[in-house]
Amino acid sequence: MSVTTVERAAPRETPSPEPSYLTAEHTVGSWLLTRDHKRIALLFFASITFFFFVGGIAATLMRLNLATPQGLLQPSVYNRMFTMHGIIMVWFFLIPSIPTTFGNFFIPLMIGARDLAFPRVNLGSWYVFNLSGLVVLYSLVMGGADTGWTFYTPLSASYANGYVFAAAMAVFINGFSSIMTSLNFIVTIHRLRAPGMTWLRLPLFVWGIYAVSVVMLTATPVLAMDTLLLAVERFIGVGLFDPTRGGDPILWQHMFWFYSHPAVYIMILPAMGVVSEIIPCYARRPIFGYVGMVLALMAIAILSFFVWAHHMFVAGISIYAGVFFSLTTFFVAVPSAIKVFNWTVSLHKGSIVFDAPMLYSLGFVLLFTVGGVTGLMLATLAIDVGVHGTYFVIAHFHYIMVGATVSAYFAALHYWWPKITGRLYPESWARFAAILTYVGFNLTFFPQFILGYLGMPRRSYTYPVEWQSWNVLSSAGASILAVAYALPLLYLGWSLIWGRKAGPNPWGATGLEWTTPSPPPDHNFSSTPTVVHEPYLYDPEKATFVSQEGTRHAG
Amino acid sequence: MYRWIPFWPDTAAVNAEVVNNLYIAELIVSGLIVATVVAMILAFGVRYRRGSPASRANLVQKTWHLEVGWTTATLGAFLILFVWGASIYIWLFQAPQGDEEVYVVGKRWMWKVEHPGGQREINALHVPVDKTIRVVMGSEDVIHSFFVPAFRIKHDVVPGTLQTIWFKANKTGVFRLVCTQFCGLQHATMQGEVDVMSAPDYARWLTEQGVHESLADQGRDVFRAHGCSGCHDENSTVHAPSLAGLYGTYVHLQDGSVRLADEAYIRDCILNPRSFTVAGFPPVMPDFSGQLGEDEVLKLIAYIKSIGKTRETGR
Amino acid sequence: MPDRGARLLEVQYANLAHQGETAELGIWAFLINETIFFGALIFTYYFYRLTYPHDFALAARDTVLWCGSVNLAILVTSSLTMVLGINAAAQGERTKMIRWLVATCALGFAFMLVKGYEYYLDFQDQVVPAVNYVAKSGEGPAGELFWVFYWVATGLHAIHLMTGVGLVLYMLLWRIRRGEITPVYYTPLEVVGVYWSFVDVVWLFLFPSIYLVGRS
């Protein structure tokens with residue numbers, strides 16, 4: 001950013017009056033027993049990064065296997081790989097990713113509070129998460145489950161040979177971590193907003209976290225009950241979902257998807273919140289249609305509960321049920337479309353800078369749009385009959401979960417890196433990684449749309465040889481994507497030691513979090529701020545911005 | 001017809017042709033949406049990049065016109081696609097009478113096919129071209145999914161019940177059949193071929209199989225062997241519902257509900273009689289679950305469908 | 001008292017009232033979550049009950065109605081004693097408060113004793129799925145499903161009840177002993193009370209579902 005008047009790097013040698021949250025205490029105990037939401041955010045960051053790489057290794061092995069029809073892995077190993085990849089990526093990376101790291105770190109800062117409502121519950125959530133992580137690692141190390149992350153019965157309950165019970169229990173325990181975190185956020189946002197921080201002055205990231213927390217709190221208990229019943233069936237051998245013993249396998253699907261559809265919106269809502277923070281900042285203009293964006297977030301959260309059986313159009317539900325769920329699915333796409341339009345128009349008459357957070361965010365918008373339109377195709381009943389259970393679906397959800405959510409995660413990581421660590425990252429490397437991600441991602445997943453329409457089933461360790469060229473393209477893309485995801489580890493790590501020190505507000509952003517030092521002190525604010533403005537008061541014409549607590553700045 | 005579209009799969013059935021048109025329409029709509037977003041981002045990104053001379057005066061922060069406008073347009077477009085897709089879906093999944101019937105059982109990890117004439121196949125399905133084929137499907141173990149990409153028709157086979165789909169192939173040739181619901185170790189190789197033949201070729205194939213007993217006849221043997229005729233025969237002294245002409249009628253059950261006597265109903269009666277007792281009859285039918293495999297149940301169904309066709313039933 | 005108050009007030013809150021209100025919102029939000037958890041179980045139960053009414057009614061004849069009814073009475077009474085305890089806390093009547101809370105604990109233990117005896121009887125009656133389950137004559141495979149729900153539902157309820165008893169004991173032996181529950185700030189006790197009432201309400205739904213099947 002070539003702004004001349006806004007401080008990018010910190011002024012020389014002005015010692016901070018108080019230690020930051022990083023240096024306040026040094027013992028291991030002060031980290032493992034901390035109540036500081038910022039330290040807990042870093043603890044979560046460590047855990048989910050670990051699982052991201054575990055899930056990523058599984059993906060690497062899968063794509064290596066699929067580069068040729070002969071493959072690399074034994075069928076049983078491949079089947080366990082894709083199952084564990086799904087379980088780990090969904091519950092141990094994507095669902096916690098943005099909320100437990102950036103949500104934990106920034107919700108109090110953004111609303112002007114000194115911590116979350118229940119700090120001990122926050123820490124407890126991390127320990128529960130790790131407990132569930134240990135159980136899933138146990139399942140993985142012992143050989144893994146081999147049912148797909150959807151645990152369809154009666155395969156999972158009565159036939160599968162893998163460690164289904166352990167995997168199901170890991171998911172069950174993991175749910176409690178989600179519940180604890182989401183409860184904390186809901187209560188915090190309701191009750192700990194600083195004076196003047198009305199609901200309609202909340203930054204959209206806070207709204208995104210609020211929306212996701214409502215969904216998490218109400219949907220996760222259904223998953224908890226499902227996995228518990230599955231574990232009971234698996235463990236003691238009764239027939240809850242086994243048709244030979246009176247059970248109904250379709251009931252499992254209904255109950256599973258009743259949670260798991262909202263779950264996919266759990267994975268996208270915080271990402272939308274992140275992008276809504278970054279686009280105004282790097283375009284230097286207010287977001288277009290703030291209220292529409294808020295309504296869209298809440299509409300998505302609520303409507304997400306009414307669409308679950310679109311995963312079951314060919315499963316044996318009545319055709320009229322199919323028609324109903326197709327209609328509701330089209331409805332839930334409308335607020336998402338509104339958001340895409342609003343983000344795009346938020347570039348109009350801005351003063352745009354293409355730093356890494358903005359590149360990742362624009363990539364988000366494009367990849368989310370592709371994922372969204374292919375979602376429309378899946379919502380269309382007659383088309384879904386043809387592509388359900390094929391690579392088309394895999395491509396669709398990876399465009400959203402990886403193309404969109406993971407891009408937003410990296411956008412957030414770069415955007416807030418100076419605030420969290422007090423260091424600036426090297427911009428050229430970051431831009432390169434962002435572009436490489438985009439190229440690698442599209443090369444990996446676009447061919448999968450074609451494979452799906454050609455008829456390649458998902459969850460297959462091999463395929464007919466005429467589909468090999470598409471698979472090779474996809475695997476090649478995956479290798480590029482792997483590099484693109486590994487790069488930030490390197491240069492961000494580098495920046496921790498050799499990066500330039502950051503001032504409180506290197507990007508000239510308007511949120512309350514940017515009024516504190518980088519990194520912030522233990523209790524965030526020496527005195528509770530008073531909010532007088534809505535967010536995103538950037539003026540591209542005059543090149544100024546107004547912070548939410550009222551101070552006007554150049555830049 | 002679709003050969004000029006690159007990477008387009010085979011289109012070999014009337015079902016597939018109808019779906020093709022919808023798919024192309026959606027591809028175009030999707031392409032337009034993505035292109036619009038890309039164009040706007042590129043245009044704004046270039047025109048309003050930091051330091052460009054374009055005017056930033058009179059910023060639009062919101063206009064309800066724009067928001068309501070594109071929301072309505074989006075909703076309108078979506079509803080059109082919804083109606084189109086739903087109407088095809090209803091047509092796809094309401095299985096008609098059919099010119100030919102075939103019975104399919106999915107089992108780990110193969111597709112077992114039986115023709116009414118008694119011909120059996122594994123991982124292969126021979127059908128005549130230009131005829132509506134009605135497929136009655138079941139599963140012996142876990143959920144599988146019967147999918148023929150060239151016909152764009154798919155349905156899960158769920159253990160514990162029967163599913164019915166139909167297709168009408170309009171091109172001869174051999175087309176891939178795959179399983180698209182993960183069913184365990186060899187799910188990826190649970191594949192077969194649908195061989196669409198001309199009518200004379202198909203007739204010749206049927207006779208070449210050298211089968212003497214039709215499926216219904218085999219079903220009669222099962223019927224007798226398991227003692228069903230003891231109660232359900234015309235001359236039986238036991239008060240049991242008559243099965244002649246049952247198929248296709250509506251049955252009043254003990255709990256007050258009414259069910260169409262299709263293949264799934266007959267299967268339910270055999271394997272779960274207690275829950276489907278016919279009104280006015282004592283609940284004494286023995287439970288055959290565990291005694292009969294899916295194959296035998298399908299044979300029984302074929303038999304029951306064949307008896308009493310001369311009797312007036314009223315559908 | 002101001003010292004104790006200062007110790008209890010966490011840094012993110014403006015004052016004790018703020019902290020108290022927030023804690024109350026927290027417990028209610030948590031109970032929404034718990035309601036959906038038990039709700040999913042009860043939904044699945046009723047789904048199977050409506051599919052197999054005959055089998056469920058037949059299998060449920062072995063439930064021990066007197067145990068369930070006595071436990072209902074115990075739990076409802078314990079909610080009363082809990083409320084009286086909270087009332088006493090609000091009035092600053094420390095001895096009464098402790099007495100009512102001890103009564104609540106005792107009633108919780110009584111519930112567990114009755115439940116334990118009932119489980120023993122269930123073992124004798126051979127209604128433990130996969131362990132020693134014997135179906136009655138005329139009962140289909142779904143009868144065992146009824147008992148799966150019985151054990152899962154009552155087991156989960158018992159775990160929640162034990163948690164409640166643990167929380168009351170924590171109040172008695174830790175918070176009240178250190179004088180941290182006062183008429184100025186007794187929200188932790190209210191939070192436990194709300195949780196306790198929830199456990200009671202769950203039993204109000206489980207009782208007719210389990211014990212009154214086919215007995216009307």
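Every chain is numbered from 1, with letters handed out A, B, ... down the list of sequences.
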(message) If we define contacts as heavy-atom pairs under 4.5 Å, which of B:L22, B:D10, B:T189 has the most with chain A?
(response) B:L22
(message) As an exercise: rank B:T36, B:N272, B:D141, B:I90 by heavy-atom pairs under 4.5 Å with chain A and give me the winner.
(response) B:D141
(request) Identify which part of A:T153 has an atom lying under 4.5 Å from any heavy atom of chain B, answering side chain, backbone, both or neither. (result) backbone
(request) Please state whether the side chain, the backbone, both or neither of A:W343 comes within less than 4.5 Å of a heavy atom of chain B. (result) neither
(message) Does any backbone or side-chain atom of A:Y152 lie under 4.5 Å from a heavy atom of chain B? Answer side chain, backbone, both or neither.
(response) side chain
(message) Is there a side chain to side chain contact (heavy atoms under 4.5 Å, CB included) between A:F331 and B:L75? Walk through the geometry before answering.
(response) CA-CA 7 Å; A:F331 281 146; B:L75 191 57; 3.7 Å; yes
(request) Would you name the heavy atoms of A:V345 and B:F44 that are closest together and state the gap between them? (result) CA-CE1, 4.3 Å
(message) Does any backbone or side-chain atom of A:A283 lie under 4.5 Å from a heavy atom of chain B? Answer side chain, backbone, both or neither.
(response) neither
(message) Show the nearest heavy-atom pair for residues B:Q94 and A:Y320, with the distance to one decimal.
(response) NE2-OH, 3.5 Å
(request) Tell me, for A:T244 versus chain B, whether the close heavy atoms (under 4.5 Å) come from the side chain, the backbone, both or neither. (result) neither
(request) Below 4.5 Å from any heavy atom of chain B, which atoms of A:A315 appear? Answer side chain, backbone, both or neither. (result) both
Check residues 378-389 of chain A and write down every donor-acceptor pair under 3.5 Å in which the side-chain atom is one partner and the other belongs to a residue at least two apart or another chain.
| residue | atom | partner | partner atom | Å |
| --- | --- | --- | --- | --- |
| A:T380 | OG1 | A:L376 | O | 2.8 |
| A:T380 | OG1 | B:E26 | OE1 | 3.3 |
| A:T380 | OG1 | B:E26 | OE2 | 2.5 |

(request) Identify which part of A:Y463 has an atom lying under 4.5 Å from any heavy atom of chain B, answering side chain, backbone, both or neither. (result) neither
(request) Please check if the side chain of B:Y89 supplies one atom and the backbone of A:F313 the other of a donor-acceptor pair under 3.5 Å. (result) yes
(message) Treating A:H348 as the side-chain partner and B:Y48 as the backbone partner, does any N or O pair qualify as donor plus acceptor under 3.5 Å?
(response) no
(request) Can you label the angle between the B:W8 ring and the A:Y453 ring as parallel, tilted or perpendicular, going by 30° and 60°? (result) tilted
(message) Counting only non-hydrogen atoms closer than 4.5 Å, does A:F82 touch chain B with its backbone (N, CA, C, O), its side chain (CB onward), both, or neither?
(response) side chain
(message) Can you classify the ring geometry of A:F341 versus B:W70 as parallel (below 30°), tilted (30 to 60°) or perpendicular (above 60°)?
(response) tilted
(request) Report the C-alpha separation of B:R108 and A:L155 in whole Å, then their side-chain angles, then the decisive distance to 0.1 Å, and conclude whether the side chain to side chain contact (heavy atoms under 4.5 Å, CB included) test is met. (result) CA-CA 11 Å; B:R108 311 211 301 165; A:L155 174 67; 3.4 Å; yes
(message) Can you tell me how far apart NE2 (B:H187) and CG (A:D146) are? Round to the nearest 0.5 Å.
(response) 13.0 Å
(request) Using non-hydrogen atoms and a 4.5 Å limit, figure out which bit of A:V340 sits close to chain B: side chain, backbone, both or neither. (result) side chain
(request) Select one option (side chain, backbone, both, neither) describing which atoms of B:R47 are under 4.5 Å from chain A's heavy atoms. (result) neither
(request) Could you tell me which portion of B:A54 (side chain, backbone, both or neither) has an atom closer than 4.5 angstrom to a non-hydrogen atom of chain A? (result) neither
(request) Below 4.5 Å from any heavy atom of chain A, which atoms of B:L92 appear? Answer side chain, backbone, both or neither. (result) side chain
(message) Donor-acceptor pair, distance only, cut-off 3.5 Å: does the side chain of A:K349 make one with the backbone of B:A57?
(response) yes
(request) Side chain from CB out, backbone as N, CA, C, O: work out which of these in B:T161 comes under 4.5 Å of a heavy atom of chain A, or both, or neither. (result) neither
(request) Name the region of B:F147, side chain, backbone, both or neither, that has any atom closer than 4.5 Å to a heavy atom of chain A. (result) side chain
(request) Please flag which part of A:T147 lies under 4.5 Å from any non-hydrogen atom of chain B: side chain, backbone, both or neither. (result) backbone
(request) State, with a plain yes or no, whether a side-chain heavy atom of B:L81 is found less than 4.5 Å away from one of A:M377. (result) no
(request) Please flag which part of B:L66 lies under 4.5 Å from any non-hydrogen atom of chain A: side chain, backbone, both or neither. (result) side chain
(message) Let's test your reading of the structure: which of B:P159, B:G160, B:C179, B:A150 forms the most heavy-atom pairs below 4.5 Å with chain A?
(response) B:P159
(request) Would you mind checking which part of B:V38 comes under 4.5 Å of any heavy atom in chain A, side chain (CB onward), backbone (N, CA, C, O), both or neither? (result) both
(request) Could you check B:I33 against A:T369 for side chain to side chain contact (heavy atoms under 4.5 Å, CB included), going step by step and ending with a plain yes or no? (result) CA-CA 8 Å; B:I33 294 174; A:T369 306; 4.0 Å; yes
(request) Using non-hydrogen atoms and a 4.5 Å limit, figure out which bit of B:L79 sits close to chain A: side chain, backbone, both or neither. (result) side chain
